[in-house]
Amino acid sequence: MKETKYIFVTGGVTSSLGKGIIAASLGKLLQARGFKVTNQKLDPYINIDPGTLNPYEHGECYVTVDGHEADLDLGHYERFLNSPTRRANNITTGRIYQNVINKERRGDYLGKTVQIIPHITDEIKRNIKLLGSKGEFDFVITEIGGTVGDIESLPYIESVRQLRWELGKNCLIVHLTYVPYLAAAKELKTKPTQHSVKALQEQGVQADILVLRTEHDISIDMRKKVALFCNVETSAVMQSIDVPTIYRVPLNMQKEKLDEVVLTKMGFDLAKTPEADMVKWIEFVEKLENAKEEVHIGVVGKYVQLPDAYKSIIESLIHASAYNNKKLKLELILSDKLNDENVEKKLHKLDGIIVAPGFGQRGMEGKFAALKYAREKDIPCLGICMGMQTMTIEFARNVLGLADANSTEIDPNTKNNVVDIMDEQKNILDLGGSMRLGAYKCKLKKGSKVYDIYKKENISERHRHRYEFNNTYKEDFEKAGMMCTGLNEESNLVEIIELKSNKWYIGVQFHPEYSSTVVNPHPLFISFMKAAIENQTSSSHKNQEQTVKI
Ligand code: GLN
């Protein structure tokens with residue numbers, strides 16, 4: 001079995017420096033050299049997983065194929081590496097403690113006093129090494145959440161120290177810091193970097209490579225200075241300069257020779273490892289950067305104040321617009337503020353509309369207003385999860401004439417007073433806890449629009465929801481033109497609906513956004529974007545006609 005190498009990415013000075021993007025970029029570069037790589041995130045908070053975190057606080061909750069509610073950085077890893085992550089790729093302090101406490105209760109520690117060192121650190125190390133234990137990967141790249149110096153991250157840094165000691169050359173530490181630019185002095189400052197490297201040293205960890213986030217180029221002299229102060233070779237001090245798109249970062253890090261330095265330090269003979277093949281990646285980035293004409297897409301949702309809450313949807317739209325040679329003009333529209341009176345004013349400029357996922361009642365009525373508008377004006381519209389659910393309810397209310405149509409999610413107590421278009425499916429949930437999570441099979445109806453889009457009959461997509469379409473209404477829906485074109489046959493669940501009468505009006509109970517990657521953009525988003533672009537040309541045509549008439 002081959003030896004797995006472990007790389008750690010830590011961060012200093014401030015949070016939000018983009019450790020996830022640096023970790024994913026390094027993963028991409030090593031993968032593009034032919035290595036098998038996986039990225040892991042260790043989160044120092046006490047929640048067992050991010051499933052219960054408010055999207056306003058922590059951004060989107062990402063879902064892996066095996067049904068783990070995960071940190072949004074796993075989305076970056078998948079989008080960059082085009083390979084699935086799993087439960088083991090994201091560990092929180094909560095889970096580490098839960099495992100240790102469960103072991104203690106079982107008596108596994110044989111009467112020993114259970115302590116942070118060695119029991120918590122052993123559990124952390126076990127979770128890191130687990131990914132490498134099957135010989136599946138050449139590299140496991142583990143990102144440590146938080147900032148060096150935080151109380152929360154101490155046990156993680158201590159585990160890194162121990163692993164560096166145990167694994168020697170098979171372990172490497174990349175530390176990401178920030179070099180601020182003082183506008184008044186017109187100077188870049190390295191002092192915070194020196195301090196953060198020192199903080200790491202105080203915990204017994206010497207960084208092997210420093211990546212300096214910066215808004216201006218860092219000179220060779222400054223790199224030498226950082227190298228001298230921080231016990232790092234000058235060639236291992238590199239910059240990560242601000243870029244308009246995160247997808248430039250791997251290419252910039254390649255220029256900085258991040259992959260080469262990593263491989264050299266880990267004992268590889270560079271002459272025997274081919275250079276990273278980034279051809280497809282570059283093609284995508286060039287398309288993205290060169291696109292001039294805009295396509296105007298609106299995302300209607302209730303967490304729009306924090307765009308990270310819709311991270312994967314936004315990235316999927318970026319992929320789809322670039323592959324369609326258009327520049328994405330994105331508008332995030334707060335559904336709480338939408339109603340039948342103002343909807344035209346707020347949405348009329350859009351070429352396509354996404355109705356976003358979400359939980360609970362707030363903002364739901366605004367989604368109905370957006371959907372009614374999109375349906376009646378035949379604007380390309382994709383409803384995702386709650387978005388699909390609201391599509392069915394809007395249709396039931398305004399087309400089938402079921403004025404009380406609703407989801408039982410809205411108010412379980414009034415369950416008997418509403419026409420429950422969306423209902424909790426206890427039989428399925430009992431099998432898997434409180435939500436349907438992870439990848440489920442779906443069969444597409446031949447002749448449908450989605451069949452045409454996916455070009456195959458059997459697909460598998462990721463879910464994260466509790467409510468399901470109520471099959472009692474299926475026949476009425478189909479008679480009136482809302483077709484159920486994707487089904488989970490095992491549990492008889494409606495996964496996709498599409499409107500026969502419209503050019504592009506599709507609702508999916510699953511989350512296609514989780515599986516759109518740079519080299520493999522999601523077909524639903526590609527097709528939705530095409531429809532939006534076509535709508536743009538047809539509506540500008542309409543405008544011209546109108547202008548002539550006037
Ligand atoms: N609120 C819905 C449900 O639980 C949808 C959730 C979502 O959009 N992710 O079924």
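We count ligands from 1, going down the list as the structure has it; atoms in each ligand are counted the same way. One-based numbering along the sequence shown. Worth knowing before you read on, the calculation uses all heavy atoms, side chains too, and leaves out hydrogens, waters and symmetry mates.
Close approach of ligand 1 to Arg464 is summarised as follows: ligand atoms under 4.0 Å from at least one heavy atom of the residue are 6 (C), 7 (C), 9 (N). Contact atoms of ligand 1 toward Tyr467: 3 (C), 4 (O), 10 (O) (distance under 4.0 Å to a heavy atom of the residue). Atoms of ligand 1 found under 4.0 Å from any heavy atom of Arg466 (numbered from 1 in listed order, with element): 3 (C), 4 (O), 10 (O).
In this pair, Phe510 and Tyr454 present their aromatic rings perpendicular. The plane angle is above 60°, beyond the 30 to 60° band.
Ligand 1 has no N or O atom lying under 3.5 Å from any N or O atom of Gly360, backbone or side chain. For ligand 1, none of its N or O atoms has an N or O atom of Pro357 under 3.5 Å away.
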Stepwise salt bridge (charged side-chain N to carboxylate O under 4.0 Å, His left out) test for Lys503 and Glu534: CA-CA 10 Å; Lys503 286 196 294 263; Glu534 272 160 29; over 6 Å; no
Test salt bridge (charged side-chain N to carboxylate O under 4.0 Å, His left out) applied to Arg126 and Glu123, step by step: CA-CA 5 Å; Arg126 190 183 71 80; Glu123 182 61 18; 2.9 Å; yes
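With hydrogens left out, the protein atom closest to atom 7 (C) of ligand 1 is Cys385 SG, 3.0 Å, a heavy atom. The nearest protein atom to atom 6 (C) of ligand 1, hydrogens excluded, is given as Gly358 O, 3.3 Å; this is a heavy-atom distance. Given atom 1 (N) of ligand 1, the protein heavy atom at minimum distance is Glu409 OE1, 2.7 Å.
Separation of the Phe528 and His522 ring centroids does not fall under the 6.0 Å cut-off.
Residue Lys329 is tested with Lys349, His296, Glu293 for a side chain to side chain contact (heavy atoms under 4.5 Å, CB included); the sole match is His296.
The main-chain N or O of Pro55 is never found under 3.5 Å from a side-chain atom of His58 such that the two would form a donor-acceptor pair.
Within the structure, ligand 1 has His511 among the residues with a heavy atom less than 4.0 angstrom away.
No side-chain donor from either of Tyr440 and Gln509 sits under 3.5 Å from a side-chain acceptor of the other.
Heavy atoms of Met435 found under 4.0 angstrom from ligand 1: none, in either backbone or side chain.
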